[in-house]
2 protein chains.
Amino acid sequence: MLTTKKTIRRQFILDEAAKLFKEKGYGGTSMRDLAGNVGLEAASMYNYIKSKDEILELICSRIAGIYISQLHDIEQTAASYADKVKALIRLHIRLMVEEGPAVSVANHDWKYLPEPQLTAFKQARKDYEKGFAQLIEQGMAAGEFQPLNVSVALFTILSAVRWVELWYRPGRGLSAEELEEDIITMLLSGLAK
Amino acid sequence: MLTTKKTIRRQFILDEAAKLFKEKGYGGTSMRDLAGNVGLEAASMYNYIKSKDEILELICSRIAGIYISQLHDIEQTAASYADKVKALIRLHIRLMVEEGPAVSVANHDWKYLPEPQLTAFKQARKDYEKGFAQLIEQGMAAGEFQPLNVSVALFTILSAVRWVELWYRPGRGLSAEELEEDIITMLLSGLAK
DNA sequence: GGCTCTTACGAACACTTGTTAGAAAAAGCA
DNA sequence: TGCTTTTTCTAACAAGTGTTCGTAAGAGCC
């Protein structure tokens, strides 16, 4: 059985850690802080996790895995490049809305990963960016997109969706669907009329 | 005279601090780290700055001041809203290219500001965002822009330019001018043809 | 030279950090 | 019930934190 009691508690620690890391940063969060939020003493958490580093590793690698498998899925569909890019943007936004804290940690605190996980994470991200860039490049070659610098297009998209977690709060006059639609309109069609 | 020897050395400490804060975060940078980069012992730096907090305050408030005065300047020009937004995007990118580390610190480490500077900084940022949002809103009312959610448009723009410092390196096949043009095209006209 | 004022340093401070060891408590099971 | 295993705690550790103090070295000026 995968969902043992221990595994569940462990995941709870990871979730609380992600929230705190997002709020105060990896370095700014102490094991005693985390223990307080979890409802244990700091020492007791070591029955569930090996180290503070390991917490960061587990959060980052899980998110990285999701991103990569999502890209892989989309690459294999038979759709226009514009639709593929749109679908990818949608997945980014959804993941951000559903897993805000963990995604935030993977975006900001990955640099505190110890080796060799740091190198692995950077490589995974590079692979992901390369795959995404290829979609954009092929879309340009097919005449679906404007002939822009591919990196600029790529990072403008990634940046725009990355910061959703910083200012978007569900249930404040803007639904997740409207958010998706408007971001896609903005990125694909632009602000100007 | 403003540029005394002391002031210059002080600014050097602030510049080195910004680089380190950007690289390793505010909490991840120790005064001994900073002293090493400056070429002094940690204790000696206290002849130039009052505290580690003060370093962060000086960096953040300087950048905040630049943003606000730039917005103010643009608001008072007589141009179309599209041109005003374009000009603001340009200024963002330029500041990012010229003052990368300091801007990065103001974007990421402001949350470690002590009170009351923290509240002041958040208020300044809110004011700035409100002013920027008004430009977008007026542009929509004037029929220059598409009728999107204003916050989505605003934060998509801010996010896109904010992350320039994370991946743009001058002199690597993409000039600052091309960068500006492509980002503006992307944000105003969109990726799709 | 000597005198003054600024700058730099080493040592120490009180405190926090992640982590471990050993004992106590709780839970599972016969 | 008693025995075993898991979970939790308290206490402590070595290392690192920002900062202060007293003193030594240096610079500028007579």
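Throughout, protein chains are lettered first and strands after them, A, B, ... in sequence-line order, and every chain is numbered starting at 1.
- With respect to A:Lys19 and A:Glu16, a salt bridge is recorded, a charged nitrogen being found less than 4.0 Å from a carboxylate O.
- Atoms CG (B:Leu34) and P (D:dT19) sit 11 Å apart, rounded to a whole Å.
- A distance-only check finds no donor-acceptor pair linking the side chain of B:Ser189 to the backbone of B:Met186 [under 3.5 Å].
- Between A:Arg94 and A:Glu180 a salt bridge is recorded (basic side-chain N to carboxylate O distance below 4.0 Å).
- Legend: salt bridge (charged side-chain N to carboxylate O under 4.0 Å, His left out) pairs involving residues 152-175 of chain A, not counting sequence neighbours, sorted by first then second residue: A:Lys22-A:Glu165.
- Applying the salt bridge (charged side-chain N to carboxylate O under 4.0 Å, His left out) test to residues at least two apart or on different chains, the pairs with a partner in residues 95-115 of chain B are B:Arg62-B:Glu99.
- In this structure, A:Lys6 atom NZ and D:dT5 atom P are separated by 14 Å, rounded to whole Å.
- Ion pairing of B:Arg90 with B:Glu181 is present here, as a side-chain N (NZ or NE/NH1/NH2) and a carboxylate O approach within less than 4.0 Å.
- For B:Gln123, the side chain to side chain donor-acceptor pair (under 3.5 Å) criterion is met by B:Asp127, not counting sequence neighbours.
- Of all the residues in residues 105-120 of chain A, not one reaches under 4.0 Å from DNA chain D with any non-hydrogen atom.
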(message) I'd like to compare against my own output: the B/S/- annotation of nucleotides 8-22 of chain C with a strict under-4.0 Å heavy-atom distance to protein.
(response) BBB-B----BBBBB-
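- For the pair A:Lys5 NZ and D:dT8 C1', the computed distance is 15 Å after rounding to whole Å.
- Screening residues 140-153 of chain A for salt bridge (charged side-chain N to carboxylate O under 4.0 Å, His left out), with sequence neighbours left out, gives no hits.
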